[in-house]
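Submitted below is the structure of interest, expressed as structure tokens.
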Protein chains: 2
Amino acid sequence: MAADAVVPRLDEQLCFALHAASRAVTGLYRPLLDDLGLTYPQYLVMLSLWEHGDRGVKELGQALCVDSGTLSPLLKRLEKAGLVRRERRGDDERSVRVTLTEEGDRLRAKAVSLPGVVGEAMGLGPAQIDELRTTLHQLTDSVNRYRANLDG
Amino acid sequence: MAADAVVPRLDEQLCFALHAASRAVTGLYRPLLDDLGLTYPQYLVMLSLWEHGDRGVKELGQALCVDSGTLSPLLKRLEKAGLVRRERRGDDERSVRVTLTEEGDRLRAKAVSLPGVVGEAMGLGPAQIDELRTTLHQLTDSVNRYRANLDG
DNA sequence: GGCTATTTAGTTGCGCACAACTTAATCGCT
DNA sequence: AGCGATTAAGTTGTGCGCAACTAAATAGCC
């Protein structure tokens, strides 16, 4: 086999396209989220809380695909910022309930404009966006199933 | 407007689908790259070097969309691992040339199998992959143009 | 030639992602 | 009831991403 054909070019690699796109979008959010005093991963946590009002650390971890090693310090920062409260659950002292504070709830109103701005910046039509999201979910599921089989 | 319709659900957000997919794929690469002693971002640098043999730090930064703040320590680790050499360029002492060592070049052969494994795990057909890559490039370009206009 | 502005790498500091580990509570089995 | 296994959250350490800054070399202008 030809040695120079063995490894694909960087910009042909789907993994890099994904990596680059994800970072570009996060970078687009950054200045917008700065106004709310949030980082992008913190914003994802707030989205989940705005949606459900009340979440356990484990639930948040499953929804966002992160473990407690990432979540614990992040939630501590959100708590210090006054957006969130953490309390041990009464019926199971192991688990922790994360709740929105008044201020955390109010922040939702300031986040309203974000999806619109980001959606516009992406420059894709509704059909393209829909298909992209579907394909990405499919890819993520497939990859995660594959990963689960590696150590399972 | 209805308050509960204001901010989309987490799993409807394209940005999160992107974020999750990118991390899933990186996580899939991790155990494979462990065998080569590389992290994923280091692998991207090696891909660029395998492709061009020889790159300036600035060129690498442009190709991978990262600045010297990320690249410098990463290259230092690759150098310490014996995969790469760094030397000031003669004609312009500001810039640094990054070169593959023998060992770095040999590593290419061990990376041959990666794209196949990852491609299979993604569970997408060739047409889907092609379209996904195109859409992602389009999205990245559009977002980065938008970002350039924010501070430009 | 001399001086400022720009360019290029590198450093520092913070937050996230993740692996490996710790601590504490609960579960489940006998 | 007692006790080992499991589960939940948190801690520690490493590497990446990025902003802000520094140091040194070159470019460009007078």
Side-chain angles (χ1 to χ4, degrees), chain A residues 16 19-31 33-34 37-46 55-62 64-81 84 86-98 144 147 150-151, chain B residues 16 19-31 33-34 37-46 55-62 64-81 84 86-98 144 147 150-151:
Chain A
F16 178 61
H19 188 68
S22 176
R23 287 202 297 127
V25 170
T26 304
L28 172 61
Y29 269 103
R30 192 167 297 112
L33 287 174
D34 271 351
L38 292 175
T39 65
Y40 180 69
Q42 288 166 10
Y43 170 65
L44 295 181
V45 168
M46 295 303 285
R55 301 253 85 181
V57 172
K58 192 193 173 188
E59 284 174 310
L60 283 172
Q62 284 168 342
L64 307 179
C65 305
V66 292
D67 65 3
S68 66
T70 300
L71 224 35
S72 287
L74 187 156
L75 290 172
K76 234 151 103 174
R77 284 185 282 272
L78 285 181
E79 188 175 44
K80 199 162 127 190
V84 138
R86 289 188 299 163
E87 42 194 351
R88 291 278 161 188
R89 229 187 272 274
D91 56 334
D92 186 345
E93 286 281 333
R94 285 175 304 183
S95 68
V96 165
R97 212 166 65 106
V98 183
N144 282 335
R147 289 175 66 193
L150 288 183
D151 40 57
Chain B
F16 177 61
H19 188 68
S22 175
R23 287 202 297 127
V25 171
T26 303
L28 172 61
Y29 269 103
R30 192 167 298 113
L33 288 174
D34 271 352
L38 292 175
T39 65
Y40 181 69
Q42 288 166 10
Y43 170 65
L44 295 180
V45 168
M46 294 303 285
R55 301 252 86 181
V57 172
K58 191 192 174 188
E59 284 174 310
L60 283 173
Q62 285 168 341
L64 307 180
C65 305
V66 291
D67 65 3
S68 66
T70 301
L71 222 36
S72 288
L74 188 156
L75 290 171
K76 233 152 104 174
R77 283 185 283 271
L78 285 180
E79 189 175 43
K80 199 162 129 192
V84 139
R86 290 188 299 163
E87 42 195 352
R88 292 276 160 190
R89 228 186 273 273
D91 56 334
D92 186 346
E93 286 281 333
R94 285 174 304 184
S95 67
V96 166
R97 213 166 64 106
V98 183
N144 282 335
R147 290 175 65 193
L150 288 183
D151 41 56

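Convention: sequence-line order gives letters A, B, ...; per-chain numbering from 1. For the numbers below, each heavy atom of this structure counts, side chains included, while hydrogens, waters and symmetry mates do not.
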Sugar-phosphate only, base, or nothing, as touched by A:R89 at under 4.0 Å among non-hydrogen atoms: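 The residue A:R89 makes no contact with any strand.
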Sugar-phosphate only, base, or nothing, as touched by B:T39 at under 4.0 Å among non-hydrogen atoms: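 Sugar-phosphate, backbone atoms only, no base.
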Donor-acceptor under 3.5 Å (B:R89 side chain, B:R97 main chain):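 No, because the side chain of B:R89 does not come within donor-acceptor range (under 3.5 Å) of the backbone of B:R97.
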Sugar-phosphate, base or nothing in reach of B:R88, heavy atoms under 4.0 Å: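 Result for B:R88 = sugar-phosphate.
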Earlier contact from the 5' end, DNA chain C, for A:G90 and A:V66: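 Whichever sits nearer the 5' end wins; that is A:V66.
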Candidates D:dA19, C:dT8, C:dA17 - which lies nearest the side chain of B:K58: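 Among D:dA19, C:dT8, C:dA17, the one nearest the side chain of B:K58 is C:dT8.
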Gap between atoms CG and C1', on A:L74 and D:dG10 respectively (whole Å):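 Interatomic distance, CG of A:L74 to C1' of D:dG10: 14 Å.
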B:R94 CZ to D:dG28 P, straight-line distance once rounded to whole Å: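 From B:R94 CZ to D:dG28 P: 10 Å.
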B:S68 side-chain proximity, nearest of C:dA17, C:dA9, D:dA8: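 Shortest atom-to-atom distance from the side chain points to C:dA9.
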B:N144 side chain vs B:R147 backbone, donor-acceptor pair below 3.5 Å: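 Side chain of B:N144 to backbone of B:R147: no pair is present.
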Selection from D:dA25, D:dG15, C:dA9 that lies nearest to any side-chain heavy atom of B:V96: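 Given the options D:dA25, D:dG15, C:dA9, the side chain of B:V96 is closest to C:dA9.
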Nucleotide nearest B:P73 when distance is taken to its side chain, options D:dT26, C:dT26, C:dT11: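 Comparing D:dT26, C:dT26, C:dT11 against the side chain of B:P73, the answer is C:dT11.
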A:K76 vs D:dA9: side-chain N/O to OP1/OP2 distance below 4.0 Å: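 Answer is no, no contact under 4.0 Å.
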5' precedence on DNA chain C between A:P41 and A:E93 (nearest-nucleotide basis):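 Counting from the 5' end, the first nearest nucleotide belongs to A:P41.
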For atom CG of A:D91 and atom C1' of D:dA8, their distance in whole Å: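 Rounding to the nearest Å, CG of A:D91 and C1' of D:dA8 are 13 Å apart.
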Interatomic distance, B:Q42 CD vs C:dA17 P [rounded to whole Å]: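 The distance from CD of B:Q42 to P of C:dA17 comes to 19 Å, rounded to the nearest Å.
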A:L78 CG - D:dG10 P separation (whole Å):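 Distance, rounded to whole Å: 13 Å.
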d(CG, B:D92; P, C:dT6) in whole Å: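 Rounding to the nearest Å, CG of B:D92 and P of C:dT6 are 17 Å apart.
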Close side-chain approach of B:L60 and B:V66, heavy atoms under 4.5 Å: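 Heavy-atom side-chain distance check fails, nothing below 4.5 Å.
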Nearest-Å distance for atom pair OH/C1', residues A:Y29 and D:dC18: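 After rounding, the gap between these two atoms is 19 Å.
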Separation of atom CG in B:D67 from atom P in D:dA19, rounded to whole Å: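 Spelled out: CG on B:D67 to P on D:dA19 is 7 Å.
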Whether A:H19 and B:Y40 hold their rings parallel, tilted or perpendicular, with breakpoints at 30° and 60°: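 Plane angle over 60°, so perpendicular.
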Touch class at under 4.0 angstrom, heavy-atom based, for B:S95 against every strand present: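 Counting heavy atoms under 4.0 Å across all strands, the contact made by B:S95 is with sugar-phosphate only.
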Stepwise side-chain contact (heavy atoms from CB on, under 4.5 Å) test for B:V98 and B:E59: CA-CA 10 Å; B:V98 183; B:E59 284 174 310; over 6 Å; no
Sugar-phosphate, base or nothing in reach of A:L71, heavy atoms under 4.0 Å: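 It contacts nothing in the nucleic acid.
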Residue whose nearest DNA chain D nucleotide is more 5′ - A:R30 or A:L75: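 First, find each residue's nearest nucleotide; the 5'-ward one identifies A:L75.
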Residue pair A:V84 / A:L75: nearest heavy atoms and the distance that separates them: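 Heavy atoms only, the tightest pair is CG1-O, 4.4 Å.
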